[in-house]
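First up is the structure itself, then whatever we jot down about it.
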Amino acid sequence: MTDRIARYWDTVLPTGTSPLPRLPLPAVTDRVDPVVLAGLLADPRCLDGFDAASGRRRTDLLAALAVWLEHLPKHLVPEPLRSRAARLRFVVWSLPFRLRTLGEDTDVLPERVDAPATRPGEQQPPPQVLQVDQAVLVLARTAREEWLSHLRAWQDDPWLSAVHHIDPVRFERELRWVTHAWPEDTAAAEVRGRRLALVARRAGDTERRDDQDRIAAEVTENHWLPRAALEDGARAFGTGARRGAAAFGSLALAPLLLYAAQAGQLARWVALAQLVAGMVAVIVARPRRDAVLLLRLPAASAAGALVLLSFTPRWWLDPDAWRVGLGLLVVSMLYLIIETRLHGVAVWAAVRRGSVVGLIGAGYAMTLSILILGFAAPSVAEDGQCLLGWWLHPAYTAHTYPPAHASACADALNAGAAAAPAGFVLLLTGWSLAVGLAAQVLWDDRPVTAPLGRVKRTRGGTP
């Protein structure tokens, strides 16, 4: 445990380099030297005696510094330093709960710390008792909420915005330390996957899970999803959510595979079953876990498909229209990569993440295309009766009209046959995804990865 705490202080605690090599622990809160405060927040290991101190003594010094920051009036902390002050307090006060999550339930913090006097000559306040499940729990939760508020408004914070633009990997590292107890433990994947919960020792599983899920939803919706980091977002909700999201995505491929195998009849019924099962699954799932399913993508694709259905039959008659659909899929993929990149993600990470989102969107769009063409289009599209039975026809040859309507369709459409079914399915897929993304940009100033149907407050705005 001692080695783990030492690594924690050395790798997590510092945020920069202190301009001064040695700094005393401040004792008075009515005169704050900004240079000293900046040095302490950049690297608290510059405290006098820290290098030569034992592991326990180092923890005592950092706890004393955190207590001093707790008693420091907010107006005395320069605005550019407030986010780092909240972060330092969160790092210190969350340590016992991190160790508890790993099965090391020991009180590493001192039992009590002397509170700083408010002015020279005043009577010393009584020591602050640091019981983990009482005072420390409140301090840790308060610091976490303040740190989250700074992360949420990182664009307005000089230090966080600099980190976000200069070193996005480091910014993402900060997010993982909010949701997980030890996300960078190289010894075991099981340790890296354990989520942090700021709850009392005797808290039940429900209370623990509620605390974890609330913070996971906060970090995922505000940070991971705009950055298209689906794996990190799912990991924030735990291994169960990751498996559920993977299963949800895998099942969505079933209609595509069935249609590719020329089992079109089965493909359209499986698509219908998946629509119903998916809606039920979202209804019964734990609140806010639907975020990682990217439900805006199928909603946008459905809107785009309905637009194409209102057009003349030209789109499903042209044998070369599949090229348009393929081109629109490529454009949609590039747009999603650009959107990811504009959220501060490094180039290759943006390409990888944007491509994953694009593939998920294409899968949603094609499943919906099979569903709409298999059930709705023959009834609502112009001359839709000429599409009847396309799911039974060979996917890659021109679709002949149903015998009962062959003559009427040929006369009305001035064409002896429709395009190959695979061609107009691909066109509808690319069109619905591209038009849906365009509508998303025009109608709602939020990334397409944002959760569906949830109104949230933004800076300076109202719901």
Side-chain angles (χ1 to χ4, degrees), residues 7-21 23 34-46 69 77-92 94 143-144 146-180 182-186 192 215 218-233 235-236 334-357 446-447 449-450 458-460:
R7 292 199 306 273
Y8 184 71
W9 295 145
D10 290 339
T11 60
V12 182
L13 191 66
T15 59
T17 303
S18 173
L20 302 174
L23 293 172
V35 176
V36 172
L37 181 58
L40 290 172
L41 295 177
D43 191 352
R45 297 175 301 173
C46 68
L69 288 172
V77 181
E79 187 172 352
L81 301 179
R82 291 175 185 173
S83 60
R84 275 187 281 182
R87 178 191 181 275
L88 187 146
R89 288 161 43 223
F90 171 64
V91 168
V92 172
S94 64
R144 182 177 64 180
E146 290 186 23
W147 177 225
L148 283 172
S149 69
H150 287 290
L151 287 171
R152 194 181 306 119
W154 64 266
Q155 293 167 299
D156 296 330
D157 187 279
W159 175 66
L160 280 174
S161 61
V163 172
H164 191 280
H165 291 297
I166 297 172
D167 192 356
V169 174
R170 178 179 175 181
F171 186 89
E172 294 184 356
R173 178 172 172 261
E174 296 290 350
L175 301 176
R176 294 187 187 96
W177 280 102
V178 174
T179 56
H180 287 77
W182 227 270
E184 297 183 0
D185 193 300
T186 58
R192 292 196 300 272
I215 302 303
E218 163 79 14
V219 174
T220 298
E221 294 181 16
N222 285 294
H223 301 287
W224 291 131
L225 290 183
R227 301 168 73 84
L230 303 184
E231 184 177 357
D232 287 294
R235 184 183 293 116
L334 292 175
Y335 165 75
L336 291 169
I337 292 173
I338 291 172
E339 182 177 87
T340 304
R341 175 66 175 143
L342 294 179
H343 277 88
V345 181
V347 174
W348 291 113
V351 172
R352 184 180 68 255
R353 294 176 183 179
S355 298
V356 170
V357 175
R446 300 183 67 188
T449 51
T458 56
R459 290 173 297 144

Value for CD1 (I166) from CZ (F171), rounded to nearest 0.5 Å, stands at 13.0 Å

Close side-chain approach of W159 and L81, heavy atoms under 4.5 Å
no

Parallel under 30°, tilted from 30 to 60°, perpendicular over 60°: which one fits the rings of H164 and W154?
parallel

Residues E218, R152: salt bridge by 4.0 Å N-O rule
yes

Rounded to the nearest 0.5 angstrom, the CZ-CH2 distance for R87 and W177 is 10.0 Å

Please round to the nearest 0.5 Å and tell me the distance separating atom CH2 of W348 and atom CZ of R352.
11.0 Å

Report yes if some heavy atom in the side chain of D232 is under 4.5 Å from a heavy atom in the side chain of R353; otherwise report no.
yes

If we only count heavy atoms from C-beta on, is the R235 to W224 side-chain gap below 4.5 Å?
no

Let me know which of L225, T340, T220, L336 forms a side chain to side chain contact (heavy atoms under 4.5 Å, CB included) with T449.
L225

Note, S94 side chain near R144 side chain (heavy atom, < 4.5 Å):
no

For residues L41 and L37, determine if any side-chain heavy atom of one lies less than 4.5 Å from a side-chain heavy atom of the other.
yes

CG of L69 to CG of L40: how many Å apart, nearest 0.5 Å?
8.0 Å

D157: salt bridge (Lys or Arg N to Asp or Glu O under 4.0 Å) partners, not counting sequence neighbours
none

Do N222 and L151 make a side-chain contact, defined as non-hydrogen atoms from C-beta onward lying under 4.5 Å apart?
no

